[in-house]
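Here the structure is laid out as structure tokens; the discussion comes afterwards.
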Amino acid sequence: MGLKQLIEEHYRIAVKNRDTFRTGVYRLLKAALKNAEIDRRRELTEEEILEILGREAKKRREAVEEFDKSGRNDLAQQERLELHLIEGYLPPPLSEEELQNLIQQEVQELGASGEKDIGLVMRSVMPKVKGRAEGKAVQQLVRQVLTRGSLPS
């Protein structure tokens, strides 16, 4: 069963159980997927679905951060619950060690050195970590490797 069908099934179950919170989250996910299909004028691939779910999770993370800053703990908690539900459909994130090893390997393969090669390394690493690591964290580690020569232990 594909992710889209799984979300549909979980949506139907939530509606049957009168779980308004889950129903709302699944409805938002279904709408995001449907809008992407309309934009692309075709069915989405599993990779594209993961990309959209990743985007939705990122929105929730950013909202949690903003609500925490402004002292709105009630709204931050709501966003955390939504994030937890969405993350259940995403592949597990790479550990920092796995990410560091991948970046080191790419830097060596590309022969990159110095900050001028950050873009080159990022273009090589990002497709491999898609949906499993945030771009900001990857960029930070790439910058550390290229400016210091190796990652801190």
Side-chain angles (χ1 to χ4, degrees), residues 1-11 14 22 24-70 72 75-153:
M1 179 182 291
L3 276 175
K4 186 177 175 187
Q5 293 81 12
L6 188 61
I7 291 169
E8 290 278 345
E9 182 62 28
H10 289 165
Y11 171 74
R22 288 179 189 271
V25 175
Y26 291 133
R27 192 173 286 138
L28 287 171
L29 293 178
K30 285 176 42 165
L33 296 174
K34 187 67 174 170
N35 288 337
E37 284 180 344
I38 290 170
D39 289 345
R40 295 174 182 164
R41 295 186 175 119
R42 62 176 169 77
E43 288 281 322
L44 297 173
T45 64
E46 289 294 308
E47 188 176 295
E48 290 169 331
I49 292 172
L50 282 173
E51 183 181 319
I52 292 165
L53 292 175
R55 232 181 288 139
E56 292 296 319
K58 184 177 180 182
K59 287 179 191 176
R60 299 319 184 283
R61 276 188 219 98
E62 290 170 353
V64 165
E65 203 174 289
E66 290 301 314
F67 288 138
D68 280 341
K69 281 182 191 174
S70 62
R72 295 296 310 264
L75 295 174
Q77 185 60 29
Q78 174 79 14
E79 294 292 330
R80 278 189 191 91
L81 292 171
E82 288 182 19
L83 176 61
H84 182 70
L85 193 63
I86 294 169
E87 284 178 337
Y89 296 101
L90 296 171
L94 289 171
S95 70
E96 190 169 339
E97 184 180 317
E98 291 172 316
L99 188 56
Q100 289 174 350
N101 291 338
L102 180 65
I103 291 170
Q104 284 282 26
Q105 181 181 345
E106 289 300 314
V107 167
Q108 288 172 355
E109 284 179 19
L110 296 169
S113 63
E115 283 196 49
K116 64 182 179 10
D117 292 329
I118 288 176
L120 176 69
V121 176
M122 289 294 292
R123 279 190 295 278
S124 178
V125 170
M126 285 311 291
K128 295 177 181 176
V129 300
K130 194 172 206 164
R132 299 189 67 201
E134 293 228 4
K136 197 185 302 184
V138 174
Q139 184 181 23
Q140 194 173 34
L141 287 173
V142 168
R143 188 176 303 278
Q144 285 177 359
V145 169
L146 293 177
T147 56
R148 294 192 183 122
S150 68
L151 290 166
S153 299

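Keep in mind that the numbers below use all heavy atoms, side chains included, and drop hydrogens, waters and symmetry copies.
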Open item on the list: For Gln105 and Glu109: C-alpha separation, side-chain torsions, deciding distance, then whether side chain to side chain contact (heavy atoms under 4.5 Å, CB included) applies.
Closed with: CA-CA 6 Å; Gln105 181 181 345; Glu109 284 179 19; 3.2 Å; yes
TODO: Given side chain to side chain contact (heavy atoms under 4.5 Å, CB included), test Leu85 with Leu29 step by step and report yes or no.
DONE: CA-CA 11 Å; Leu85 193 63; Leu29 293 178; over 6 Å; no
Open item on the list: Is it the case that the side chain of Arg132 and the backbone of Pro92 share a donor-acceptor pair, with hydrogens and angles ignored and the cut-off at 3.5 Å?
Closed with: yes
- [ ] For atom NZ of Lys116, decide whether the heavy atoms of other residues, nucleotides or ligands shown that lie under 6.0 angstrom number more than 12.
- [x] yes
Task: Set of residues satisfying side-chain hydrogen bond (donor to acceptor under 3.5 Å, both in side chains) with respect to Asn35, sequence neighbours excluded - done: none
- [ ] Calculate, to the nearest 0.5 Å, the distance between atoms CD1 and CD belonging to Ile103 and Gln108 respectively.
- [x] 12.5 Å
Task: Distance in Å, Leu81 CG paired with Ile86 CD1, rounded so as to fall on 0.5 Å steps - done: 11.0 Å
- [ ] Take Glu79 and Arg72, measure what salt bridge (Lys or Arg N to Asp or Glu O under 4.0 Å) needs, and give me the verdict at the end.
- [x] CA-CA 11 Å; Glu79 294 292 330; Arg72 295 296 310 264; over 6 Å; no
- [ ] Output all residues satisfying side-chain contact (heavy atoms from CB on, under 4.5 Å) with Arg55, sequence neighbours left out; order by chain, then residue number.
- [x] Arg40, Glu51, Ile52
Task: Counterpart residues, ring pair (Phe, Tyr, Trp, His ring centres under 6.0 Å), relative to Tyr89 (two or more places apart) - done: His10
Open item on the list: Let me confirm one number: the CD-CD distance from Glu37 to Glu43, rounded to the nearest 0.5 Å.
Closed with: 4.5 Å
Task: Validation row: Met126, Val129 side chains within 4.5 angstrom (heavy atoms) - done: yes
TODO: Look up atom CG in Leu44 and atom CG in Leu50, then write down how far apart they are to the nearest 0.5 Å.
DONE: 11.0 Å
TODO: Among residues two or more places apart or on two chains, list those pairs meeting salt bridge (Lys or Arg N to Asp or Glu O under 4.0 Å) that have a residue in residues 95-107.
DONE: Glu106-Lys128
Task: Lys58: salt bridge (charged side-chain N to carboxylate O under 4.0 Å, His left out) partners, not counting sequence neighbours - done: none
Task: Val121 versus Ala112, closest heavy-atom pair with distance - done: CG2-CB, 3.6 Å
Task: For Lys69, side-chain contact (heavy atoms from CB on, under 4.5 Å) partners two or more places apart - done: Glu65, Glu66
Open item on the list: What's the separation between atom CZ in Arg80 and atom CZ in Arg60, rounded to the nearest 0.5 Å?
Closed with: 14.0 Å
Open item on the list: Quick one: does any side-chain atom of Glu46 pair with a main-chain N or O of Leu3 as donor and acceptor, under 3.5 Å?
Closed with: yes
TODO: Name all residues meeting the side-chain hydrogen bond (donor to acceptor under 3.5 Å, both in side chains) criterion together with Arg123; count only those two or more places apart in sequence or in a different chain, and write none if there are none.
DONE: none
Open item on the list: Which residues pass the side-chain contact (heavy atoms from CB on, under 4.5 Å) test with Lys59, not counting sequence neighbours?
Closed with: Glu56
Task: Side chain to side chain, Glu87 and Arg61, heavy atoms closer than 4.5 Å - done: yes
Task: Which residues share a salt bridge (charged side-chain N to carboxylate O under 4.0 Å, His left out) with Glu62, sequence neighbours left out - done: none
- [ ] Applying side-chain hydrogen bond (donor to acceptor under 3.5 Å, both in side chains), name anything that partners Gln77, two or more places apart in sequence or on another chain.
- [x] none
Task: Distance in Å, Leu33 CG paired with Ile38 CD1, rounded so as to fall on 0.5 Å steps - done: 11.0 Å
Task: side-chain contact (heavy atoms from CB on, under 4.5 Å) against Ala14, all qualifying residues, sequence neighbours excluded - done: Asp19, Arg22, Thr23, Tyr26
Task: ring-ring contact (aromatic ring centres under 6.0 Å, His included) contacts in which one or both residues fall within residues 49-70, not counting sequence neighbours - done: none
